[in-house]
Chemist: 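Sharing a structure, written as structure tokens. Questions coming.
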2 protein chains.
Amino acid sequence: MVGLKDVARDTGLSIRTVSRVMTGKGAVSERALAKVMESATRLGYRPNRAARSLKLNQSYEVTVILSGIDELFMEKVYFMEKALRESGYWVSLLMAESGAESSNDIPAIIEEALDRRPAAIVIRGGIEREIAKIEDSGIPYLLIDSMYSYDSVNINRSQGVYDAVKYLHSTGRRKIAYAGMGEPENQANMSRLPGYIKAINELRLFPEMLSGNTVLSAEQFENGRYVAHQIDLERSPDAIIAYSDFMAMGLLAGFYDRKIRVPDQIAVVGFDDRPAASRSAPPLTTVRQPNKEVGLKAAEIILKKIAGEAAPEGGWTCALPTTLVVRETS
Amino acid sequence: MVGLKDVARDTGLSIRTVSRVMTGKGAVSERALAKVMESATRLGYRPNRAARSLKLNQSYEVTVILSGIDELFMEKVYFMEKALRESGYWVSLLMAESGAESSNDIPAIIEEALDRRPAAIVIRGGIEREIAKIEDSGIPYLLIDSMYSYDSVNINRSQGVYDAVKYLHSTGRRKIAYAGMGEPENQANMSRLPGYIKAINELRLFPEMLSGNTVLSAEQFENGRYVAHQIDLERSPDAIIAYSDFMAMGLLAGFYDRKIRVPDQIAVVGFDDRPAASRSAPPLTTVRQPNKEVGLKAAEIILKKIAGEAAPEGGWTCALPTTLVVRETS
DNA sequence: TTGTAGGCGTTATCAG
DNA sequence: CTGATAACGCCTACAA
């Protein structure tokens, strides 16, 4: 592998001068610069990152901890990786068991992440229980899609649901229910409910909370189907806003089973806008997560934290806006 | 950060002895070993990988190049990462544009991957056009899901389709068609067709090739729906094996549009067994990709290539078996 | 069984 | 503007 030394020998200049050219720090004569550049490209010089890391005592690695596989989160990672790469950082992956929120896999994964001494650690919301350990380590970290009050990039789910209610009302629906996962008061529901309540109040409607079978709450699709089967046709709502696209698709399946027509008899709105949402029958009206914006914002904050920039009041945190995607279930 | 030196000072031993304990190479007295271990854990010693990499002149990074986001591929990466981690390697990510097979993004991404001098490079099949450059670099590489003859871990798609035909026949179907993407002779179809033809011949049936609208071939779901709409009800097949789950779900949607009942009037079998396959209406019978086995096998080969083990005759390559998952569309 | 010393490729200090 | 030279933390001949 060709290093500084080789370029130095080739140009007849000193290592120091070649280094100055490469880092762009320090004054170098026109002539030397041209010579070094030519030689470096001709020889195919590639800086040794290990040596640089050692010397500078800093890593260029941002470790992302994944729990399970989620297309939406990967989309966020996609934009984040791209942005971080442009700033010279690498993204490395640490994959925990699927549904690891409650897994004992997580402490070990966090230990591993710390051992690697990355420049920063990114964690998907839902597994933040152990975050204190990371905070203590001093390594910059960032949560994505968290519901807790650590440094994080979030989505304004409440606003998404608010918009959905307002939209459904504008199309003539008057009995608009919210179908959540498990207990109404759990974190996931709580991040959506304020928007629902607010919109319902503003429109002087009555709130209705549909709750899935808590035993089944691990499977969103089944939960949605379950809710669809439970609904009383006589006094049923004329619109349902679901906790997620998966749940909404379960509702669709349940209504299909019962030959209830969507959207004629009842409208269904999902949440997330997963790729699958456009392929359901009928294609799902849903609230789109701003994946690109989240990824970019995450990269921005990570870079600032690495650079040691002081956190704004209340810490690094933001809630990015969603957009409503109207398809054929409403 | 606490290093070898700190532990040495703390124990009163030399750096060399501490190092011997840490690497496990070389004889150390019981007493020294115990002392070092105690001190190391108490002080929280963490080896500096940059220094080690520099000294040993080797990286512990396996770079995975992703083009777009695919749940199935991520599942493979999940198992691969886990296995590689157990051998002390990290997985880092390089994300190319979605659908980058034909994108000019790829050469730049490959350059970037090479610049990082990873211990190995893993690429998803479909973007192997530039693989020669990697092969020349001498960095161990591995393709996954490739259809070309580089070192790769593959899936025996042909066998999957063969099994599907045999199964459909066993349930009484006699007019079993294959619905592919674009031109029948393209690579993706060619990896499946031999199994179809073989089974059809063995059963003394007649082959029937349904071809999607090539213009639409980029969108599998739409392509499937298109095929479903084209089918002549009079002389239609009584079973269709689709190129992919997405296409199969498009078929389902198309038959739903035309009020053709699945599986009563026609059976549909997908390929991949994506998570979505179990959530379609009706749930899809499909050919499951062996994601775990692929990930594990990939890690195994990568490790061997890194270790410099000689390739078996014909290079590192294998085709892992699929399994048929029977649900409700057949 | 243990220790000394040199070097991996970079960056950065300090003299020229 | 340029060039010796000393680290960075780890590994490993070679000595003791």
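Residue numbering restarts at 1 for every chain, and letters A, B, ... go by the order of the sequence lines.
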Chemist: Whole angstroms only, please: what is the CZ-C1' distance between B:R117 and C:dC8?
Modeler: 12 Å
Chemist: Quickly work out the A:R31 CZ to D:dT2 C1' distance and round it to whole Å.
Modeler: 13 Å
Chemist: Just how far, in rounded Å, is P of C:dG9 from CZ of B:R52?
Modeler: 18 Å
Chemist: Where each residue is assigned the nucleotide of DNA chain C containing its nearest heavy atom, which of A:M1 and A:R20 is assigned the position nearer the 5′ end?
Modeler: A:M1
Chemist: Between B:S14 and A:G3, which is nearer to the 5' end of DNA chain C once each is assigned its nearest nucleotide?
Modeler: B:S14
Chemist: For the pair made of CD1 in B:I15 and P in D:dT12, what is the distance, rounded to whole Å?
Modeler: 14 Å
Chemist: Does any donor-acceptor pair link the side chain of A:R16 with the base of C:dT10 at a separation under 3.5 Å?
Modeler: no
Chemist: With heavy atoms under 4.0 Å as the rule, sort A:T23 into base, sugar-phosphate or nothing.
Modeler: sugar-phosphate
Chemist: Can you tell me if A:S59 and A:S53 form a side-chain donor-acceptor pair at under 3.5 Å?
Modeler: no
Chemist: Find the distance B:L33:CG to C:dT2:P and express it as a whole number of Å.
Modeler: 10 Å
Chemist: For D:dG9, does either OP1 or OP2 sit under 4.0 Å from a side-chain N or O belonging to B:Y45?
Modeler: no
Chemist: On DNA chain D, compare the nucleotides closest to B:S19 and B:L54; which residue's is nearer the 5' end?
Modeler: B:L54
Chemist: Checking salt bridge (charged side-chain N to carboxylate O under 4.0 Å, His left out) between A:D151 and each of A:K297, A:K305, A:K304, which is the one that passes?
Modeler: A:K305
Chemist: Quiz question: by atom type and distance under 3.5 Å, do the side chains of B:E135 and B:Y150 form a donor-acceptor pair?
Modeler: no
Chemist: Base, sugar-phosphate, or nothing for B:N57, non-hydrogen atoms under 4.0 angstrom?
Modeler: nothing
Chemist: How many whole angstroms separate atom CG of B:L4 from atom P of C:dC8?
Modeler: 19 Å
Chemist: Of the nucleotides C:dT10, D:dG9, D:dT12, which one has an atom closest to the side chain of B:L56?
Modeler: D:dT12
Chemist: Side chain of A:T17 only, please: which of D:dT2, D:dC8, C:dG6 is the nearest?
Modeler: D:dT2
Chemist: Find the distance A:M22:CE to C:dT11:P and express it as a whole number of Å.
Modeler: 10 Å
Chemist: Ignoring backbone atoms, test whether A:S29 places a side-chain nitrogen or oxygen under 4.0 Å from the OP1 or OP2 oxygen of D:dT2.
Modeler: yes
Chemist: Under a plain distance cut-off of 3.5 Å, with no hydrogens placed, do B:Y89 and B:E61 share a side-chain donor-acceptor pair?
Modeler: no
Chemist: Classify B:A50 by what it touches in the nucleic acid, base, sugar-phosphate, or nothing, heavy-atom distance under 4.0 Å.
Modeler: nothing
Chemist: Is the shortest side-chain heavy-atom distance between A:M74 and B:E71 below 4.5 Å?
Modeler: no
Chemist: Check for a donor-acceptor pair, side chain of A:S39 on one end and backbone N or O of A:K35 on the other, with a separation under 3.5 Å.
Modeler: no
Chemist: Of all the nucleotides listed (C:dT2, D:dC10, D:dC8), which has the minimum atom distance to the side chain of B:A32?
Modeler: C:dT2
Chemist: Calculate the interatomic distance between B:R9 atom CZ and D:dC10 atom C1'; express it in whole Å.
Modeler: 16 Å
Chemist: Classify the side chain of A:K25 versus the base of C:dA12 as yes if they form a donor-acceptor pair under 3.5 Å and no if they do not.
Modeler: no
